[in-house]
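Each remark here refers to the structure printed beneath this line.
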Amino acid sequence: MIIRTHEDAENDAVDEEKWISRRYTLRADGMGHSLHETYIKPGKQLHMWYKNHKETVLCIEGEGQIEDLTEGGKWDLKPGVLYALDKHQQHILSSEKGMTVICAFSPSLVGPEDHDEQGSYPLLDDDGTVLKR
Ligand code: 9YT
């Protein structure tokens, strides 16, 4: 069994200008998905397009908005509301006052992924080699 605390996840945290993400599980854990807690900083807007991954996101604290740029639509996010990018939709995630979400990525992130200019993560091999951009 894998047990991780918030403090453990701090060690795999990524602190960016617009968000902080604590990666609780990653590819090396072999779960078929990686699970992250992401805090969207107040007043930030993130344009993302996960071309190589599917992502499910559950809001657990704060509030924000999700806009689907591929299929259209804009929804308010608050604790208990989930969105799932089942078709690699381009989207804008924003929060005026800050928001915490739980995200599951499939395939799992390996760890070193960084958003490219389109807001996508490359598909990595287990050893971190780029398989697809
Ligand atoms: C909300 C969202 O899209 N989070 C993405 C995960 C986060 N950027 C990470 O852990 O890389």
Side-chain angles (χ1 to χ4, degrees):
M1 187 176 291
I2 298 167
I3 304 285
R4 300 246 159 87
T5 65
H6 200 255
E7 288 69 37
D8 295 333
E10 289 293 355
N11 298 326
D12 273 314
V14 182
D15 190 348
E16 295 276 340
E17 183 218 334
K18 297 183 179 180
W19 49 270
I20 302 171
S21 195
R22 296 175 175 84
R23 276 99 177 253
Y24 275 80
T25 56
L26 286 166
R27 179 88 55 87
D29 296 305
M31 296 302 294
H33 59 264
S34 55
L35 197 83
H36 318 190
E37 180 199 88
T38 302
Y39 175 66
I40 310 299
K41 297 182 184 178
K44 300 300 180 189
Q45 267 207 353
L46 291 84
H47 182 168
M48 295 178 283
W49 184 18
Y50 292 120
K51 289 182 272 185
N52 303 311
H53 299 84
K54 289 190 174 173
E55 186 196 22
T56 303
V57 178
L58 175 65
C59 177
I60 58 165
E61 180 269 329
E63 54 192 53
Q65 276 202 324
I66 180 72
E67 180 172 5
D68 183 337
L69 301 177
T70 300
E71 298 185 300
K74 207 176 199 178
W75 295 270
D76 289 332
L77 299 173
K78 62 181 183 178
V81 181
L82 172 149
Y83 67 90
L85 301 165
D86 57 337
K87 301 190 193 92
H88 307 282
Q89 290 92 338
Q90 283 199 57
H91 58 288
I92 295 176
L93 181 63
S94 59
S95 177
E96 273 305 310
K97 296 180 180 167
M99 172 174 66
T100 304
V101 295
I102 300 292
C103 325
F105 272 80
S106 175
S108 311
L109 294 198
V110 174
E113 289 87 349
D114 202 5
H115 282 131
D116 65 15
E117 60 288 342
Q118 293 183 311
S120 181
Y121 282 146
L123 183 64
L124 300 184
D125 207 348
D126 292 353
D127 65 4
T129 310
V130 176
L131 295 174
K132 191 164 168 271
R133 290 211 178 267

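Position 1 is the first residue of the sequence; numbering continues from there. Owing to the predicted nature of the structure, the values given are computational and were not obtained by experimental measurement. Start at 1 and go down the list; that is how both ligands and their atoms are numbered.
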Can you give the donor-acceptor pairs under 3.5 Å from side chains of residues 75-85 to other protein atoms, not counting sequence neighbours?
| from | atom 1 | to | atom 2 | distance (Å) |
| --- | --- | --- | --- | --- |
| D76 | OD1 | Q65 | NE2 | 3.0 |

Name each donor-acceptor pair under 3.5 Å that joins a side chain in residues 93-101 to protein atoms two or more places apart or in another chain, with its distance.
| from | atom 1 | to | atom 2 | distance (Å) |
| --- | --- | --- | --- | --- |
| S95 | OG | E63 | O | 2.7 |
| S95 | OG | G98 | N | 2.9 |
| S95 | OG | G98 | O | 3.3 |
| T100 | OG1 | E61 | OE1 | 2.6 |

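Proximity of a side-chain donor or acceptor of R22 to a complementary backbone N or O of H6 within less than 3.5 Å is not detected.
Near F105, with a cut-off below 4.0 Å to any heavy atom, the atoms of ligand 1 are 5 (C), 6 (C). Applying the 4.0 Å criterion to heavy atoms of C103 picks out, from ligand 1, the atoms 1 (C), 2 (C), 4 (N). Each of the atoms 7 (C), 9 (C), 10 (O) of ligand 1 lies under 4.0 Å from some heavy atom of S21. Of all the atoms in ligand 1, the ones that sit under 4.0 Å from a non-hydrogen atom of L93 are 1 (C). Listed by number with element, the atoms of ligand 1 under 4.0 Å from a non-hydrogen atom of M48 are 3 (O).
In the hydrophobic cluster analysis, where Ile, Leu, Val, Met, Phe, Trp and Tyr join through side-chain heavy atoms closer than 4.5 angstrom, V57 is grouped together with L26.
Taking the charged nitrogens against the carboxylate oxygens, R27 and D125 have no contact shorter than 4.0 Å, which rules out a salt bridge.
Ligand 1 has no N or O atom lying under 3.5 Å from any N or O atom of H91, backbone or side chain. Of the N or O atoms in W19, none lie within a sub-3.5 Å distance of an N or O in ligand 1. Some N or O of Y121 is nearer than 3.5 Å to an N or O of ligand 1, by distance alone. Taking any N or O of E55, backbone or side chain, at least one lies under 3.5 Å from an N or O belonging to ligand 1.
Judged by distance alone, the side chains of S34 and S108 never bring a donor and an acceptor atom under 3.5 Å apart.
With a heavy-atom cut-off of 4.0 Å, Y39 does not touch ligand 1 at all. By the criterion of a heavy-atom distance under 4.0 Å, the side chain of R23, and not its backbone, is placed next to ligand 1.
Ring centroid separation for the pair Y121 and H115 comes in under the 6.0 Å cut-off.
Counting only heavy atoms from C-beta outward, the side chains of K51 and H88 never approach each other to under 4.5 Å.
Contact analysis leaves V14 out of contact with ligand 1, as no non-hydrogen atom separation drops below 4.0 angstrom.
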